[in-house]
Amino acid sequence: MFVELHAQSAFTFLEGADQPEALVAEAARRSMPALALVDRDGVYGAPRFHRAAVEAGIRALVGGELTLAGGARLPVLVEDREGWQNLCGLITRAKLGAPKGKARITLEDLQGSATGLVCFTGGAHGPLAAAVNAGDRDAARRLLDRLVSIFGRGNVFVEVQRHFDRQQERELERLVALARSARVPLLAANQPLYARPGGRAVADVFTCIREKTDLDHAGRRLLINAERGLRDGVTMAEAFRDLPEAVAASGELALRLGFTLKDLGYRFPDFPLPPGASAQAHLRDLVAQGVRERYGHRGEPVERARRQVAHELEIIGRLDLAGYFLIVWDIVQFCRANDVLVQGRGSAANSAVCYALGITAVDPIKMDLLFERFLSESRGEWPDIDLDLPSGDRRERVIQYVYRRYGRLGAGMTANVVTYRGRSAAREIGKALGLPGDMQDRLARLVENWGYQDPQAVLTRHLAEAGCDTRHPRIRKFAALWTRLQDFPRHLGQHSGGMVIAAGRLDHVVPLEPATMPGRVVVQWDKDDCAALGIVKVDLLGLRMMSVLQESIALVSETGGTVDLAQLPADDRAVYRMLQRADTIGVFQVESRAQMATLPRIHPERFYDLVVQIAIIRPGPIVGDMVHPYVRRRRGREPVTYAHPSLEPILARTLGVPLFQEQLLRIAMVAAGFTGTEAEELRRAFGFKRSERRMAEVEVKLREGMARRGITGKAADEIVHQITSFALYGFPESHSSSFALLAYASAYLKAHHGPAFYTALLNNQPMGFYHSATIVNDARRHGVRILPVDVTRSDWACTLERRDDAWVVRLGLRFVKGLRERAAQALVTARAARPFASPADLAARAELTREEMATLASIGALASLGGTRRANLWRAAEQDAGPLFSASHVPDALSQSGADRLPEESPLREMDAHERLVADYAGTGVTLGPHPMMLRRPALAARGVTRAIDLARGEDGMRVRVAGSVIVRQRPGTAKGFVFLSLEDETGIANVIVTPGLFARRRLPLVSEPFLLVEGILQMQDGVLSVRATRVESLPRLAHVVPSHDFG
Amino acid sequence: MTAVACVWVEAFAAAAAERAEPALREHPMAVVTGAPPATRVVEANAAAREQGVRAGMPEAEAIARCPDVIRRPASPACVDAAHRALLDACYGVSPRLEDVAAGLVHVDLAGLGRLIGDGAAVADRLQRAARTIGLPARVGVAGTRAAARIAARAGLGVVAAGGEAQALAPVPVTALEWPEEIVAAFARWGVATLGELAALARAGLAARLGAAGLAAHDLARGVEDATPWRSWAPPPFWEEAQELDWEIHELAPLMTVLGRVVERLTARLCAAHLMTDALELRLALAGGAHHARSLALACPMDASRALLTLLEHDLEARPPAGPVTAVAVQASATPRRAVAGTLGRLAPPAERDLATVLARLVTLVGAEAVGAVALADSHRPDAFVGARLETDAMRVTAAVAGDSVLALRRLRPPRRVSVAVDNERRPAVVGGALAREARVVGCAGPWRVSGEWWDARAWGRDEWDVALSDGAVCRLARDLRSDTWYLDGVYD
């Protein structure tokens, strides 16, 4: 019996040319009983390989190739769990001891870590290859003896391969002689790089990418023939008819290898408990305490809460998950104790236990959220708790805490496998095929919208439409290769926040690799692989709005006030007025152009309205035509009806319109009698990796279920439409609720603590939807005074200053373009030691470059040290005289420099308002002077242009002209070609709608001109103002560019 | 004080294209360069500029701004021809010119007063001369070249000598091209006109912008350039010709005549310290026909004997179609190349001899058949590439070490044979190898090689080493695409 023990998948990056699943499928097709995956320096593909093999009924053997010092690769196979632990440990050591992306290990490292591992000598990259190739029999023998001494006799095999290669045959003869003289058994393998012969093309393309060349120049680095596919026993027996023992050895060895990933040995860490307590009891105590704190001691809510947590605790107990909740609770406790704002999101918000433990901030009982969406016994998965943390340092502190708590080798970030997708695949393949550069560019742009296609469609439809000659062999190959390469792994990245932890050493469960960021390690599996193998993950996600909230709160306390997010008044009128007016620039989640256009129509009056508002502007509800019915019902223009009476309890809160994922699941459960698990299956079938076949199956099941309950005809169609149209992008209610809390908090801060909020917002740019210039203008419209950058006052970040009994914002040095942070910090330190006497003194003590000084001068940041902007620019431009140009060499005015000379009188004319504006935008991206449109106002007024603020006084349907700097350009995929512009002037923002026809005619000014004048019809609907453009005209450019958010 | 005129054609590449294709003047037109989609506008004519088309703009943007814009690819030959024509036109007005850049010529007006008139009259003459050759030139006249250039660009016409600084003062700085750092400095400082620039203290500018600042200051004041005047003269014509009093029917007397012509030509080249790297031979034939030949030389040379030999070989290979009545030989001149160790002297004889030999070979077998071969980096057996023949590269390569005790004599081209295979598809009987038919008594293989699957040249073959019943040991190859067998070689 033959078993291939040296298969390599695409996780042997840029060598292997098929996915692990493809190898398994081919092995199953050829009725092979087992297969071993032995990728280079990793077990990246092992979980997928394992899953596919289990499904196909094949034994999935695992191993890995270890890169030795010198570059040779030693393949090893895992015999038992100890072997697995050794392999993971060895790969970890090889990876952590080498630069990122490389690995290196010595034979000494193997000594003592070889138990449970079986080694063979590999093919062309194997350790014996160099010596055998050179005909150095002694060196080869010494190395083989060394391997025997490390792994033990019986655990070392001399690998022989036959790819019909003349040179390889010569080496094989020497290998056979060597094995016989050393009494080491032979092992036949083909070391397949792909499943079927067609994979050779991919392997050759990978060679080109790896070697940075193209197929025409790769020469003998390409494979010699197409014989590196997966071979079955018959073929191998024929190829090795002279060495039958080598083929038989593979089958015998495969029988010996008892380890599979089912036997991983992962254990969740034990939470340190008080003496005598069990994890479940300790959790119960903590939850009981939390319930008392959240709900008080008496009353209906507390009773309901007790009932709910008891139900949840029972399930948690049955699933033995108490330890997991305690560990997440522990992380949250660390955050609280260390001034790190934290909030759980995602489906955890459905759990009363999480709420009681302080992990989440949404009350699932009050909100009537579905616990089963978070945790169900039938799913057999770990729960998924995501924690939102402020981005940057604070989040890093939490991550480092987890490393400290569970050991550097006990915790790791989950990987993110970066794959070949449309554009990257097109570019790499185009390069490898040697297509001309311009064609590569064209193809890379084209493929973005192709999605998944079969090669024939790519060839006949897309490439033909793009004007490529589809008869050309290279274009045909491009189509085939591009389709095939989709989703192939490219390299390993790091997931943004997923962490896994283990009892003992995580590097005995999965190999670890260094991350780009120092002090971090990444496991070799992504979050899906970890979940599938039962490894617990906690997501620690960085959210800039959390940073803004945290910083705002600190700034409020600096000004003597206090804000406690947990104690915010639930029905603050100022907040709701602001939301109803769509005055939401800077407010979390509801600041986009589309959100603003809906806010006045939905008119939020309570917290739940905000939850709806956040969920409704999503592709799901938009594509499913749910926005307008909801708005009509909310405005009382349409009766609230239900597709079937049984849906009323589910949809009553959202006026009969399904808006949340949970509702979708409940509809399936109520209308079609799905179980919780079946409903979850439905969600997945329509989820991101949707497959037509699975969707069709689920739809049939859905209709059958409904028919059993008497729901047929139009009602059934309507329900199916609702479910299918937005299952893909529907937003979970729990998620929306968590986001709504942050939105409410940010709106509250904006309404009541403007200076602190805007300061924090400016310090966390770039974030959200608008550029700093828009935020500054918004702040000023809200009466928040903003002071310019001043070298005698500004810190790196924006700060608050007390001026005329009010708190005002001082722009920080971080806004000065081109100013190094280190230089700015040096400036602040030097200033603290002694005030600056002059610009020259500043430049000398803070070691600023001439360019930095020039920028500071041009934005007026040196004004406090005397002199006008131009005078300081003139001074700043002076070059330091080097030693050669001392006084004796240069005429008078050149001979003196620095602070010991009287400043030369500036011959330059001072800046006018327009020049200051240009300098401000160029130097900081914002201006505190008049808005650019203000400078044009007299001319615009003469042309009958209405100011943004005055639009509200107009009448629906009247013809108006508006003008402004374009701050947002959007063409959402769901808007059928309509384009939305936001034009800002000195009074506010005018919203413009451009029809597809007008866009086609005036595309260029619409996408590129910074200032536009738009003529059109004023539309007023439920307080939403917009201008439907009929004519667009570009206004003369100024010498600066106002930043805009374009088509994001 | 002498006066200088500057003749300047705005957007010269566009003007050159219009000159070549006058109908373009009626339409917006842009000269573009680069392969799509990275095509960019090099220059645009006035009509296109009016509609917002600018140099450096992507072609797509130009079309979006001006949908009717006609595009023409940038043509260096067209620009060269137009520039040469501009120089010729100016040369008709004054013999003292300076060739500054494409579309920009300085004209010395010294001595033209009595011939043509004052500065304005000369400017008018120059403008008309340019118009005659289809170029819309602007002319500036001033006491210095710098001032004349600015006057031409800014449309100031004639600037009175000595009044340059005053006349240039209102000209915006943006009318001229400056180094990037100077543009940035002017923008920051609010320097908008040459007058404002000239008003800045010279030392202050030097302290801030260094030499570039001083140069800018000089320019703003119209101060004469520091560079000496580089006079332009029409390039000489390297041709010698001779008309014959009688018709020549044979090669020998023709070579005698050609010998004298070539000697005169090489003597002129030597006197100018030049060599030639190509010859044009034109023979007028009785009856009015012509025989013309171009000879590219392997290396530049000036030896008349060697050149004559080359001409002789060429005429031997391709004799004229009739009796010769006149001969002309034109040389393409190239500067004399210094050879290491023999500064300023001719190339060593070996190189010259090799060139002659190569030229003879090329004459005999054609250029594509002369050179060296090198092994190609490919799995394809016997793959080679053509390489340049270099004497110093001819080294003996060491034999490749291996354990093979047999030598393979390859058959080039391989001989087609017929092969019968056994039930395992291994060769069993070979027909047409060394013997008429032989049985395979021993066989190793297949050795499989394939490649270039991405192209129309895809190939694949199986090789077998076989011992035949007649005692021969051969290499057989089966072409996998055509299923044809070949005898690839015989083992000795």
Side-chain angles (χ1 to χ4, degrees), chain A residues 135 163-166 169-170 200-201 204-205 215-227 238 432-434 436-438 441-442 445 472-474 477 481 854 857-858 870 873-874 877-879 881 890-894 897 904 907-912 915 918-919 922 1003-1004 1008 1039, chain B residues 34-39 52 60-67 184-185 187-192 196 199-210 213 375-380 383 401-404 424 444-458 460-463 465 480:
Chain A
H163 301 129
F164 303 142
D165 177 358
R166 193 184 287 274
E169 191 64 19
R170 284 196 199 106
R200 188 251 183 117
D204 279 350
V205 165
L215 288 160
D216 291 317
H217 296 94
R220 283 165 295 170
R221 287 170 288 183
L222 301 178
L223 292 177
I224 192 166
N225 55 32
E227 295 299 322
E238 198 179 316
L433 284 169
D438 58 323
D441 292 339
R442 197 144 51 100
R445 272 202 311 276
H472 195 286
R474 294 195 191 215
K477 290 292 175 197
L481 285 164
S858 71
R870 283 265 161 78
L873 266 171
W874 184 247
E878 199 168 353
Q879 301 190 18
V890 204
D892 318 339
L894 296 175
S897 71
E904 181 194 341
L908 304 176
R909 170 178 61 76
E910 198 32 59
M911 288 186 186
D912 58 21
E915 286 174 324
V918 171
R1003 186 188 178 91
L1004 192 70
S1008 63
Chain B
T39 315
E61 188 180 345
I63 296 168
R65 286 185 187 278
C66 176
R188 276 180 168 168
W189 295 346
V191 173
E196 287 172 16
L200 295 178
R202 197 170 161 70
L205 267 178
R208 284 156 183 85
L209 298 173
L375 273 178
D377 178 17
S378 167
H379 291 301
R380 187 201 282 267
D403 9 25
S404 174
E424 289 180 15
W447 315 122
R448 189 161 291 159
V449 270
S450 59
E452 294 180 76
W453 49 263
W454 56 90
D455 214 336
R457 295 166 301 170
R461 63 189 224 149
D462 276 357
E463 292 173 2
D465 292 332
L480 296 175

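In what follows, every chain begins at residue 1, and chains take the letters A, B, ... in the order their sequences are listed. Since we're looking at a predicted model, the values are computed, not measured.
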- Message: side-chain hydrogen bond (donor to acceptor under 3.5 Å, both in side chains) for B:Trp447 and A:Asn225? Distances and angles first, verdict last.
- Response: CA-CA 10 Å; B:Trp447 315 122; A:Asn225 55 32; over 6 Å; no
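The contact between A:Arg870 and chain B is made entirely by side chain atoms (from C-beta outward), counting heavy-atom distances below 4.5 Å. The parts of B:Arg65 that come within reach of chain A are both its backbone and its side chain, each placing non-hydrogen atoms under 4.5 angstrom from that chain. Heavy-atom distances place both the backbone and the side chain of A:Leu215 under 4.5 Å from chain B. Heavy atoms closer than 4.5 Å to chain B are found in the side chain of A:Leu481, but not in its backbone. Proximity to chain A (any heavy atom under 4.5 Å) is restricted, for B:Arg457, to the side chain, taken from C-beta onward. Neither the backbone nor the side chain of A:Asp912 comes within less than 4.5 Å of any heavy atom in chain B. There is no contact between B:Glu452 and chain A, counting heavy-atom distances below 4.5 Å.
Of the listed residues (A:Glu169, A:His472, A:Arg221), the one with the most heavy-atom contacts under 4.5 Å to chain B is A:Glu169. The candidate with the highest count of non-hydrogen atom pairs below 4.5 Å against chain A, out of B:Pro67, B:Ala64, B:Gly190, is B:Gly190. For the set A:Ala854, A:Ala432, A:Ala919, the count of heavy-atom pairs under 4.5 angstrom toward chain B peaks at A:Ala854. Your options are A:Arg200, A:His163, A:Glu238, and the one with the most heavy-atom pairs under 4.5 Å with chain B is A:Arg200.
No salt bridge links A:Arg170 with A:Asp165; every basic N to acidic carboxylate O contact stays at or beyond 4.0 Å. Electrostatic pairing of A:Arg166 and B:Asp465 counts as a salt bridge here, judged by a charged N lying under 4.0 Å from a carboxylate O. The pair A:Glu915-B:Arg188 does not count as a salt bridge, with every side-chain nitrogen at least 4.0 angstrom from each carboxylate oxygen.
Under the side-chain contact (heavy atoms from CB on, under 4.5 Å) criterion, B:Ala184 pairs with no residue, sequence neighbours left out. When the side-chain contact (heavy atoms from CB on, under 4.5 Å) test is applied to B:Leu375, no partner is found at least two apart in sequence or on another chain.
Counted by atom type alone, B:Trp453 and A:Asp204 present one or more donor-acceptor pairs between their side chains at under 3.5 Å.
Side-chain contact between A:Lys477 and A:Leu433: present, with at least one pair of heavy atoms (C-beta onward) separated by less than 4.5 Å.
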